[in-house]
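Remarks on the structure that follows.
Every number for a ligand or one of its atoms is a count from 1 in the order of the listing. Remember, it's a predicted structure, so these values are computed and weren't measured experimentally.
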Amino acid sequence: MTGQNPVEIDTTRPHPARMYDWYLGGKDNYPVDEAMGRQMLALEPRVPVMARVNRAFMQRATRWLAGQGVRQFLDVGTGIPTEPNLHQIAQRIAPDARVVYCDNDPIVLAHAAALLRGTDEGVTDYLQADVRDPDTILEGARKVLDFDEPIALSLIALLHFVPDEDGAHELVTRLVDALPSGSHLVISHATADFTPEESEEASAKLKGAGVTLALRSREEFTRFFDGLDLVEPGVQVPHLWHPELGDPVPGQDDGVIPGYGAVARKP
Ligand SMILES: C[S@@+](CC[C@H](N)C(=O)[O-])C[C@H]1O[C@@H](n2cnc3c(N)ncnc32)[C@H](O)[C@@H]1O
(Lines give C-alpha, C1' and ligand atoms only; values in the text may rest on other atoms or scores of the structure.)
Protein backbone atom coordinates (compact mmCIF):
# COMPACT_ATOMS: atom_id res chain seq x y z
CA MET A 1 0.00 0.00 0.00
CA THR A 2 1.54 3.29 -1.04
CA GLY A 3 0.70 6.97 -0.67
CA GLN A 4 0.80 9.74 1.81
CA ASN A 5 0.28 9.26 5.51
CA PRO A 6 -3.39 9.26 6.41
CA VAL A 7 -4.65 12.67 7.38
CA GLU A 8 -7.37 13.16 9.94
CA ILE A 9 -10.92 12.50 8.84
CA ASP A 10 -12.74 15.81 8.56
CA THR A 11 -16.26 15.39 9.94
CA THR A 12 -17.13 19.08 9.70
CA ARG A 13 -18.08 18.98 6.02
CA PRO A 14 -19.60 16.34 3.73
CA HIS A 15 -17.32 14.15 1.60
CA PRO A 16 -18.41 12.46 -1.66
CA ALA A 17 -17.12 9.02 -0.63
CA ARG A 18 -19.07 9.12 2.62
CA MET A 19 -22.27 10.53 1.08
CA TYR A 20 -22.13 7.77 -1.55
CA ASP A 21 -21.69 5.22 1.25
CA TRP A 22 -24.79 6.67 2.93
CA TYR A 23 -26.82 6.44 -0.30
CA LEU A 24 -25.74 2.80 -0.62
CA GLY A 25 -26.84 2.03 2.94
CA GLY A 26 -23.29 1.76 4.33
CA LYS A 27 -22.16 2.66 7.84
CA ASP A 28 -18.94 4.54 7.09
CA ASN A 29 -20.41 8.03 7.04
CA TYR A 30 -20.99 10.87 9.51
CA PRO A 31 -23.98 13.07 10.44
CA VAL A 32 -22.68 15.83 8.16
CA ASP A 33 -22.73 13.40 5.19
CA GLU A 34 -26.22 12.17 6.02
CA ALA A 35 -27.51 15.74 6.43
CA MET A 36 -26.25 16.72 2.96
CA GLY A 37 -27.45 13.37 1.56
CA ARG A 38 -30.94 14.17 2.84
CA GLN A 39 -30.82 17.57 1.13
CA MET A 40 -29.93 15.80 -2.13
CA LEU A 41 -32.81 13.38 -1.60
CA ALA A 42 -35.23 16.27 -1.14
CA LEU A 43 -34.22 17.50 -4.60
CA GLU A 44 -33.92 14.10 -6.26
CA PRO A 45 -35.50 11.18 -4.35
CA ARG A 46 -33.87 8.70 -6.74
CA VAL A 47 -30.29 9.39 -5.62
CA PRO A 48 -29.98 6.02 -3.81
CA VAL A 49 -31.22 4.23 -6.96
CA MET A 50 -28.70 6.22 -9.00
CA ALA A 51 -25.88 5.17 -6.65
CA ARG A 52 -26.87 1.51 -6.98
CA VAL A 53 -27.21 1.81 -10.76
CA ASN A 54 -23.73 3.30 -10.90
CA ARG A 55 -22.29 0.54 -8.73
CA ALA A 56 -23.99 -2.06 -10.94
CA PHE A 57 -22.46 -0.39 -14.04
CA MET A 58 -19.00 -0.82 -12.46
CA GLN A 59 -19.73 -4.50 -11.89
CA ARG A 60 -20.98 -5.15 -15.42
CA ALA A 61 -18.15 -3.20 -17.06
CA THR A 62 -15.61 -5.15 -14.99
CA ARG A 63 -17.27 -8.45 -15.93
CA TRP A 64 -17.24 -7.43 -19.59
CA LEU A 65 -13.55 -6.45 -19.45
CA ALA A 66 -12.50 -9.64 -17.65
CA GLY A 67 -14.49 -11.56 -20.28
CA GLN A 68 -12.45 -9.81 -22.99
CA GLY A 69 -9.26 -11.13 -21.38
CA VAL A 70 -8.27 -7.95 -19.46
CA ARG A 71 -6.17 -8.96 -16.47
CA GLN A 72 -5.02 -5.60 -15.09
CA PHE A 73 -7.23 -2.92 -13.58
CA LEU A 74 -6.45 0.59 -12.33
CA ASP A 75 -9.47 1.99 -10.50
CA VAL A 76 -9.23 5.66 -9.49
CA GLY A 77 -11.88 7.13 -7.19
CA THR A 78 -12.59 3.72 -5.70
CA GLY A 79 -14.79 4.76 -2.81
CA ILE A 80 -15.38 3.06 0.52
CA PRO A 81 -15.35 -0.73 0.03
CA THR A 82 -18.81 -2.04 -0.89
CA GLU A 83 -19.17 -5.71 -1.77
CA PRO A 84 -18.76 -6.90 -4.39
CA ASN A 85 -15.72 -4.70 -5.02
CA LEU A 86 -14.07 -4.47 -8.42
CA HIS A 87 -11.28 -6.95 -7.59
CA GLN A 88 -13.83 -9.51 -6.41
CA ILE A 89 -15.72 -9.29 -9.71
CA ALA A 90 -12.53 -9.46 -11.78
CA GLN A 91 -10.84 -12.19 -9.75
CA ARG A 92 -13.97 -14.36 -9.76
CA ILE A 93 -13.58 -14.53 -13.53
CA ALA A 94 -9.77 -14.33 -13.64
CA PRO A 95 -8.17 -15.25 -10.29
CA ASP A 96 -4.82 -13.91 -11.54
CA ALA A 97 -6.21 -10.40 -12.16
CA ARG A 98 -4.09 -7.54 -10.78
CA VAL A 99 -5.96 -4.57 -9.36
CA VAL A 100 -4.68 -1.21 -8.15
CA TYR A 101 -7.15 0.99 -6.31
CA CYS A 102 -6.68 4.70 -5.72
CA ASP A 103 -8.63 7.42 -3.92
CA ASN A 104 -7.75 10.74 -2.31
CA ASP A 105 -10.08 10.51 0.68
CA PRO A 106 -8.49 9.32 3.94
CA ILE A 107 -11.70 7.44 4.83
CA VAL A 108 -11.01 5.11 1.89
CA LEU A 109 -7.44 4.58 3.06
CA ALA A 110 -8.80 3.80 6.54
CA HIS A 111 -10.93 1.00 5.04
CA ALA A 112 -8.48 -0.11 2.35
CA ALA A 113 -7.66 -3.35 4.14
CA ALA A 114 -11.03 -4.67 2.94
CA LEU A 115 -9.94 -3.97 -0.64
CA LEU A 116 -6.71 -5.88 -0.30
CA ARG A 117 -8.14 -9.32 0.39
CA GLY A 118 -7.88 -10.79 -3.08
CA THR A 119 -6.99 -14.18 -4.46
CA ASP A 120 -3.58 -15.79 -3.87
CA GLU A 121 -2.90 -15.82 -7.62
CA GLY A 122 -3.89 -12.19 -8.16
CA VAL A 123 -2.79 -8.93 -6.60
CA THR A 124 -4.74 -6.07 -5.09
CA ASP A 125 -3.03 -2.90 -3.98
CA TYR A 126 -4.14 0.52 -2.81
CA LEU A 127 -2.56 3.91 -3.24
CA GLN A 128 -3.75 7.16 -1.79
CA ALA A 129 -3.45 9.83 -4.47
CA ASP A 130 -5.44 12.51 -6.19
CA VAL A 131 -6.57 12.03 -9.79
CA ARG A 132 -5.36 15.60 -10.41
CA ASP A 133 -1.85 14.23 -9.87
CA PRO A 134 -1.69 11.56 -12.62
CA ASP A 135 2.09 11.23 -12.40
CA THR A 136 1.91 10.02 -8.80
CA ILE A 137 -0.83 7.55 -9.76
CA LEU A 138 1.17 6.21 -12.68
CA GLU A 139 4.32 5.91 -10.59
CA GLY A 140 2.45 3.94 -7.90
CA ALA A 141 0.59 1.78 -10.42
CA ARG A 142 3.81 0.88 -12.26
CA LYS A 143 5.03 -0.89 -9.10
CA VAL A 144 2.17 -3.38 -9.41
CA LEU A 145 0.95 -3.38 -13.02
CA ASP A 146 2.85 -4.24 -16.19
CA PHE A 147 2.47 -1.23 -18.49
CA ASP A 148 3.45 -3.38 -21.50
CA GLU A 149 0.19 -5.33 -21.12
CA PRO A 150 -3.37 -3.95 -21.48
CA ILE A 151 -4.83 -2.19 -18.47
CA ALA A 152 -8.43 -1.17 -17.80
CA LEU A 153 -8.50 2.31 -16.29
CA SER A 154 -11.77 2.98 -14.48
CA LEU A 155 -12.85 6.45 -13.44
CA ILE A 156 -16.30 5.62 -12.19
CA ALA A 157 -18.46 8.41 -10.73
CA LEU A 158 -15.23 10.35 -10.21
CA LEU A 159 -14.74 13.00 -12.88
CA HIS A 160 -17.81 15.06 -11.93
CA PHE A 161 -15.79 15.97 -8.83
CA VAL A 162 -13.08 17.44 -11.04
CA PRO A 163 -13.92 20.83 -12.61
CA ASP A 164 -12.56 21.96 -15.98
CA GLU A 165 -10.29 24.44 -14.14
CA ASP A 166 -8.48 21.42 -12.69
CA GLY A 167 -7.93 20.01 -16.18
CA ALA A 168 -10.36 17.07 -16.10
CA HIS A 169 -9.96 16.19 -19.79
CA GLU A 170 -6.21 16.76 -19.82
CA LEU A 171 -5.56 14.49 -16.86
CA VAL A 172 -7.57 11.67 -18.45
CA THR A 173 -5.46 12.10 -21.60
CA ARG A 174 -2.30 11.97 -19.48
CA LEU A 175 -3.40 8.70 -17.85
CA VAL A 176 -4.58 7.10 -21.10
CA ASP A 177 -1.38 8.12 -22.94
CA ALA A 178 0.60 6.01 -20.45
CA LEU A 179 -1.42 2.85 -21.25
CA PRO A 180 -0.46 0.39 -23.99
CA SER A 181 -2.56 -0.41 -27.04
CA GLY A 182 -5.46 -2.74 -26.19
CA SER A 183 -6.13 -0.98 -22.88
CA HIS A 184 -9.60 0.26 -21.96
CA LEU A 185 -11.09 3.36 -20.37
CA VAL A 186 -14.29 3.07 -18.31
CA ILE A 187 -16.15 6.19 -17.17
CA SER A 188 -19.47 6.96 -15.57
CA HIS A 189 -20.45 10.55 -14.89
CA ALA A 190 -23.37 12.68 -13.69
CA THR A 191 -25.09 15.03 -16.15
CA ALA A 192 -27.63 17.84 -16.05
CA ASP A 193 -28.87 16.93 -19.55
CA PHE A 194 -32.06 15.24 -18.36
CA THR A 195 -32.99 17.15 -15.19
CA PRO A 196 -31.32 20.55 -15.57
CA GLU A 197 -33.07 22.41 -12.75
CA GLU A 198 -32.72 19.75 -10.05
CA SER A 199 -29.15 18.98 -11.10
CA GLU A 200 -28.05 22.62 -11.02
CA GLU A 201 -29.71 23.10 -7.64
CA ALA A 202 -27.95 20.02 -6.28
CA SER A 203 -24.65 21.27 -7.67
CA ALA A 204 -25.14 24.68 -6.01
CA LYS A 205 -26.01 23.13 -2.65
CA LEU A 206 -22.94 20.89 -2.75
CA LYS A 207 -20.75 23.82 -3.75
CA GLY A 208 -21.97 25.70 -0.68
CA ALA A 209 -20.71 22.78 1.41
CA GLY A 210 -17.34 22.67 -0.33
CA VAL A 211 -18.06 19.80 -2.78
CA THR A 212 -17.60 20.40 -6.52
CA LEU A 213 -20.14 18.77 -8.82
CA ALA A 214 -19.09 19.42 -12.41
CA LEU A 215 -22.08 18.17 -14.39
CA ARG A 216 -21.15 17.50 -18.02
CA SER A 217 -23.18 17.22 -21.18
CA ARG A 218 -23.15 14.15 -23.41
CA GLU A 219 -20.72 15.94 -25.73
CA GLU A 220 -18.35 16.86 -22.87
CA PHE A 221 -18.56 13.31 -21.53
CA THR A 222 -17.85 11.80 -24.95
CA ARG A 223 -14.75 13.99 -25.31
CA PHE A 224 -13.06 11.97 -22.52
CA PHE A 225 -12.84 9.15 -25.07
CA ASP A 226 -11.20 11.14 -27.87
CA GLY A 227 -8.76 8.96 -29.80
CA LEU A 228 -10.28 5.74 -28.41
CA ASP A 229 -12.79 3.31 -29.91
CA LEU A 230 -16.06 3.24 -27.97
CA VAL A 231 -17.27 -0.33 -27.56
CA GLU A 232 -20.94 -1.21 -28.10
CA PRO A 233 -23.37 0.25 -27.10
CA GLY A 234 -21.33 3.49 -26.97
CA VAL A 235 -22.37 6.28 -24.61
CA GLN A 236 -25.47 5.18 -22.70
CA VAL A 237 -27.32 5.87 -19.48
CA PRO A 238 -25.49 3.51 -17.12
CA HIS A 239 -28.21 0.88 -16.61
CA LEU A 240 -28.57 0.35 -20.36
CA TRP A 241 -24.87 -0.46 -20.85
CA HIS A 242 -24.81 -4.26 -21.36
CA PRO A 243 -27.75 -4.92 -19.02
CA GLU A 244 -27.48 -8.66 -19.76
CA LEU A 245 -24.30 -8.85 -17.65
CA GLY A 246 -26.02 -8.27 -14.31
CA ASP A 247 -29.31 -8.10 -12.46
CA PRO A 248 -31.45 -4.98 -12.83
CA VAL A 249 -31.40 -2.54 -9.91
CA PRO A 250 -34.91 -2.20 -8.40
CA GLY A 251 -36.39 1.13 -9.53
CA GLN A 252 -33.91 1.75 -12.35
CA ASP A 253 -36.68 2.04 -14.95
CA ASP A 254 -38.97 4.30 -12.90
CA GLY A 255 -37.53 7.56 -14.23
CA VAL A 256 -34.51 9.06 -15.84
CA ILE A 257 -31.03 8.24 -14.49
CA PRO A 258 -29.12 11.51 -15.00
CA GLY A 259 -25.77 10.05 -15.93
CA TYR A 260 -23.71 8.50 -18.70
CA GLY A 261 -21.51 5.43 -18.85
CA ALA A 262 -19.19 4.12 -21.54
CA VAL A 263 -16.20 1.90 -22.20
CA ALA A 264 -13.63 2.44 -24.94
CA ARG A 265 -10.58 0.58 -26.23
CA LYS A 266 -7.26 2.17 -27.01
CA PRO A 267 -6.31 1.24 -30.58
C1 LIG B 1 -19.23 8.60 -5.84
S2 LIG B 1 -17.75 7.82 -5.29
C3 LIG B 1 -17.58 6.53 -6.50
C4 LIG B 1 -16.94 5.26 -5.95
C5 LIG B 1 -16.78 4.14 -6.95
N6 LIG B 1 -15.91 4.52 -8.05
C7 LIG B 1 -18.10 3.70 -7.52
O8 LIG B 1 -18.46 4.20 -8.60
O9 LIG B 1 -18.80 2.90 -6.91
C10 LIG B 1 -16.47 8.97 -5.82
C11 LIG B 1 -15.11 8.68 -5.24
O12 LIG B 1 -14.17 9.53 -5.89
C13 LIG B 1 -13.25 9.98 -4.91
N14 LIG B 1 -12.65 11.23 -5.37
C15 LIG B 1 -13.24 12.45 -5.50
N16 LIG B 1 -12.36 13.35 -5.95
C17 LIG B 1 -11.18 12.70 -6.11
C18 LIG B 1 -9.88 13.09 -6.55
N19 LIG B 1 -9.64 14.36 -6.90
N20 LIG B 1 -8.91 12.16 -6.61
C21 LIG B 1 -9.15 10.88 -6.25
N22 LIG B 1 -10.37 10.44 -5.82
C23 LIG B 1 -11.35 11.36 -5.74
C24 LIG B 1 -14.08 10.16 -3.66
O25 LIG B 1 -13.29 10.18 -2.50
C26 LIG B 1 -15.00 8.96 -3.75
O27 LIG B 1 -14.46 7.85 -3.09
Problem set entry | Enumerated ligand 1 atoms positioned under 4.0 Å from heavy atoms of Ala129 | 21 (C)

Exercise. Got a salt bridge between Asp164 and Arg216, using NZ or NE/NH1/NH2 to carboxylate O under 4.0 Å?
Worked result: yes

For this session: Do me a favour and list the nearest non-hydrogen protein atom to atom 27 (O) of ligand 1 with residue, atom name and distance?
Result: Asp103 OD2, 2.6 Å

For this session: Before signing off on this row, confirm whether Val131 and ligand 1 have an N or O atom pair separated by under 3.5 Å.
Result: yes

Exercise. Can you tell me if Gln72 and Glu149 form a side-chain donor-acceptor pair at under 3.5 Å?
Worked result: no

Exercise. Looking at Ile156, which atoms of ligand 1 are within less than 4.0 Å of one of its heavy atoms?
Worked result: 3 (C), 5 (C), 6 (N), 8 (O)

Exercise. Atoms of ligand 1 less than 4.0 Å from Asp105 heavy atoms?
Worked result: 25 (O)

Exercise. Is there any N or O on Asn54 that sits under 3.5 Å from an N or O of ligand 1?
Worked result: yes

Exercise. If you measure only the distance, is there a donor-acceptor pair under 3.5 Å linking the side chains of Thr195 and Glu198?
Worked result: no

Exercise. Going by the angle between their ring planes, with limits at 30° and 60°, are Tyr260 and Phe221 parallel, tilted or perpendicular?
Worked result: tilted

Exercise. For ligand 1, which atoms have a heavy atom of Ala17 less than 4.0 angstrom away?
Worked result: 25 (O), 26 (C), 27 (O)

Exercise. Are any of the side-chain heavy atoms of Val131 and Asn104 separated by less than 4.5 Å?
Worked result: no

Exercise. How far is atom 5 (C) of ligand 1 from its nearest protein heavy atom, and which residue and atom name does that atom have?
Worked result: Thr78 O, 3.1 Å

For this session: Could you tell me which atoms of ligand 1, counted from 1 in the order shown, lie closer than 4.0 angstrom to a heavy atom of Gly79?
Result: 4 (C), 27 (O)

Exercise. For ligand 1, is there an atom lying under 4.0 Å from some heavy atom of Ala51?
Worked result: no

Exercise. Of all the non-hydrogen atoms in the protein, which one sits nearest to atom 19 (N) of ligand 1, and at what distance?
Worked result: Asp130 OD1, 2.9 Å

Problem set entry | Residue and atom name of the nearest protein heavy atom (relative to atom 10 (C) of ligand 1), distance in Å to one decimal | Ala157 O, 3.3 Å

For this session: Ignoring hydrogens, just give me the one of Tyr23, Phe57, Tyr101, Tyr20 whose non-hydrogen atom is nearest atom 7 (C) of ligand 1.
Result: Tyr20

Problem set entry | Subset of ligand 1 atoms that lie under 4.0 Å from at least one heavy atom of Arg132 | 19 (N)

For this session: Please check if the side chain of Arg60 supplies one atom and the backbone of Pro238 the other of a donor-acceptor pair under 3.5 Å.
Result: yes

Exercise. Do His15 and Tyr30 have side-chain atoms, one donor and one acceptor, less than 3.5 Å apart?
Worked result: no

Problem set entry | atom 11 (C) of ligand 1: nearest protein contact (heavy atom, Å) | Gly77 O, 3.6 Å

Problem set entry | salt_bridge(Arg38, Glu34) N-O dist < 4.0 Å | yes

For this session: Check whether any heavy atom of Arg55 sits under 4.0 Å from an atom of ligand 1.
Result: yes

For this session: Determine, for Arg98 against Asp146, whether the closest basic-nitrogen to carboxylate-oxygen distance falls under 4.0 angstrom.
Result: no

Problem set entry | Test applied, salt bridge (Lys or Arg N to Asp or Glu O under 4.0 Å); reference residue, Arg18; option that passes from Asp105, Asp103, Asp33 | Asp33

Seminar exercise, completed: among protein heavy atoms, the one nearest atom 14 (N) of ligand 1 is Leu158 CD1, 3.4 Å

Exercise. Does Phe224 have its ring centroid less than 6.0 Å away from the ring centroid of His169?
Worked result: yes

For this session: Identify the protein heavy atom lying closest to atom 18 (C) of ligand 1, giving its residue, its atom name and the separation to 0.1 Å.
Result: Asn104 ND2, 3.3 Å

